[in-house]
There are 2 protein chains.
Amino acid sequence: MSTAEETTGGEVEPWEEVTPDAARRLLVAAVEAFAERGYHATTTRDIAGRAGMSPAALYIHYKTKEELLHRISRIGHDKALDILRTAARREGTATERLADAVSSFVRWHAGRRTTARVVQYELDALGPEARAEIVALRRQVDAEVRGIIEDGVASGEFDVLDVHGTTLAVLSLCIDVARWFTVNGPRTPEEVGALYADLVLRMVGAQ
Amino acid sequence: MSTAEETTGGEVEPWEEVTPDAARRLLVAAVEAFAERGYHATTTRDIAGRAGMSPAALYIHYKTKEELLHRISRIGHDKALDILRTAARREGTATERLADAVSSFVRWHAGRRTTARVVQYELDALGPEARAEIVALRRQVDAEVRGIIEDGVASGEFDVLDVHGTTLAVLSLCIDVARWFTVNGPRTPEEVGALYADLVLRMVGAQ
DNA sequence: GGCTGCACTAAGCGCTCGCTCACCGTCGAC
DNA sequence: GTCGACGGTGAGCGAGCGCTTAGTGCAGCC
């Protein structure tokens with residue numbers, strides 16, 4: 001598979017859809033703070049301070065601290081789902097599509113680690129309605145990966161006994177990258193993506 | 001591999017080493033609360049309440065809330081390391097030892113999910129010295145798994161290009177079980193352990 | 001130039017947090 | 001029977017939390 005064929009890992013400048021500028025600065029500051037310390041350990045004063053504003057400024061653009069997390073989680077899940085959909089619906093064999101999906105999904109989790117951390121690990125901090133909305137997006141994420149694996153099984157490319165369990169394991173492997181990856185580590189997001197694509201193809205018996 | 005040959009997943013009654021009884025009740029309550037809500041979102045009043053005691057009682061047995069987390073993390077990491085060491089040092093081929101290590105490690109993460117969650121996801125809430133101590137234990141965990149994989153490569157059983165990266169991925173896969181596993185789910189810890197052992201053997205090219 | 005609308009701030013409210021302290025009941029040693 | 005040791009409680013301290021409110025400065029419009 002050539003580099004040109006691969007979908008991107010989502011490394012374009014993010015949060016450009018958030019306006020006005022002050023709201024975006026607050027949201028970016030919140031992503032950094034939540035990723036670093038966790039939602040509950042982050043104070044609204046810390047978020048406002050990182051954005052160069054007073055604590056009260058936060059409440060002009062967001063009703064509550066939780067709304068900030070909700071917006072981050074929603075946009076992040078949309079992006080993650082978009083990456084997987086792009087890979088799943090391109091042309092090519094199931095093997096190529098699965099490799100593309102895993103490598104781009106992993107590149108996003110490594111390259112945009114702060115966002116991914118918040119998206120994947122702060123779900124429980126959301127209230128019931130917001131959580132339900134995000135859980136629905138996660139089910140779509142799961143369905144995209146499961147679809148590729150089912151295609152590969154149907155075409156005879158893959159040898160998988162437990163499709164649901166294997167889908168779960170593949171996603172789990174990719175998501176956990178956000179926990180351990182650091183920019184100071186020995187691997188680039190691209191290298192981890194390539195390694196993981198290879199490991200996942202082995203998991204589904206594609207080679 | 002027969003069931004009798006496998007090492008246990010650590011499903012014996014835990015925390016028996018914590019005495020006196022009140023200190024153990026507080027610690028068990030803290031594990032539940034930390035796993036459910038996270039360290040920072042858990043109050044000392046909640047912990048004491050779950051243990052059937054007044055908030056002040058906590059400070060008779062532990063200096064701070066953080067000391068509780070430290071003790072939990074230390075004991076949990078010791079147990080996890082013990083499980084891996086037992087599997088790594090039994091007799092058998094690298095394939096058998098890796099399958100045993102993964103299935104018992106996964107069974108522990110699924111069966112003792114509350115403990116594993118705290119152990120794996122609340123590391124950052126510890127202070128610098130406590131964190132350094134735990135990080136050292138994690139390096140030993142990594143070394144045990146890497147050792148088995150190196151043995152398998154040396155004996156020709158495994159086909160692995162990047163031993164460090166594959167070790168990381170195997171451990172990551174197992175650890176993330178603590179994030180998604182629920183007792184209400186369709187799989188038992190034993191089933192997940194068996195599935196994951198199979199997937200990991202595929203990842204290292206053992207079959 | 002005066003007015004309006006609005007992004008933003010300074011100050012602070014009510015509350016809950018981790019933790020402390022003065023006190024209490026029980027129980028073994030003598 | 002007395003007493004000290006000790007595990008435990010009720011009340012509350014100082015601090016910091018999420019969030020609010022009254023007021024300020026400034027850009028755009030007539």
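Quick note on labels: first sequence line is chain A, next is B, and so on, each numbered from 1.
Annotation: the span from B:Glu129 atom CD to B:Glu133 atom CD amounts to 10.0 Å, rounded to 0.5 Å. Expressed to the nearest 0.5 Å, how far OG1 of A:Thr115 lies from NZ of A:Lys79 amounts to 11.0 Å. Atom-to-atom distance recorded for B:Glu122:CD and B:Asp124:CG is 8.5 Å, nearest 0.5 angstrom. For the atom pair CD of A:Gln120 and OG of A:Ser73, the computed distance is 8.5 Å after rounding to the nearest 0.5 Å.
Below 30°, between 30° and 60°, or above 60°: for B:His109 and B:Phe105 the angle between ring planes is above 60°, a perpendicular geometry.
Rounded to whole Å, atom P of D:dC6 lies 19 Å from atom CG of B:Asp21.
Under the side-chain hydrogen bond (donor to acceptor under 3.5 Å, both in side chains) criterion, B:His40 pairs with no residue at all, not counting sequence neighbours.
Taking every heavy atom of both residues into account, B:Arg146 and B:Val163 meet most closely at CG-CG1, 3.7 Å. For B:His61 against B:Ala23, the heavy-atom pair with the smallest separation is ND1-CB, 3.8 Å. Contact between A:Ala99 and A:Leu201 at its shortest, heavy atoms only, is CB-CD1, 4.2 Å. Shortest non-hydrogen contact noted between B:Ala169 and A:Leu199 is CB-CD1, 3.5 Å. In terms of heavy-atom proximity, B:Thr114 sits nearest to B:Ala35 at O-CB, 3.4 Å. Considering all non-hydrogen atoms of both residues, A:Ile148 and A:Phe158 come closest at O-CE1, 3.9 Å.
Of the residues in residues 124-134 of chain A, not one comes within less than 4.0 Å of DNA chain D through any heavy atom. Near-neighbour residues of DNA chain C inside residues 67-75 of chain A, defined by a heavy atom below 4.0 Å, are absent. For the segment residues 45-64 of chain A, residues with any heavy atom less than 4.0 angstrom from an atom of DNA chain D are, sorted by number, A:Arg45, A:Ala56, A:Tyr59, A:Thr64.
Using a 4.0 Å cutoff to heavy atoms of chain A, the contacted part of DNA chain C runs 5' to 3' from C:dC8 to C:dG12.
Counting heavy atoms from C-beta outward, B:Arg25 and B:Asp21 have side chains that approach closer than 4.5 Å.
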Chi angles and distances behind the side-chain contact (heavy atoms from CB on, under 4.5 Å) call for B:Glu191, A:Asp162: CA-CA 11 Å; B:Glu191 287 166 351; A:Asp162 179 351; over 6 Å; no
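When A:Leu98, A:Val160, A:Leu173 are each tested for a side-chain contact (heavy atoms from CB on, under 4.5 Å) with A:Met203, only one passes: A:Leu173.
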Can you build the contact string for nucleotides 23-29 of chain D? Use B for base contact, S for sugar-phosphate-only contact, and - for no protein heavy atom under 4.0 Å. -------
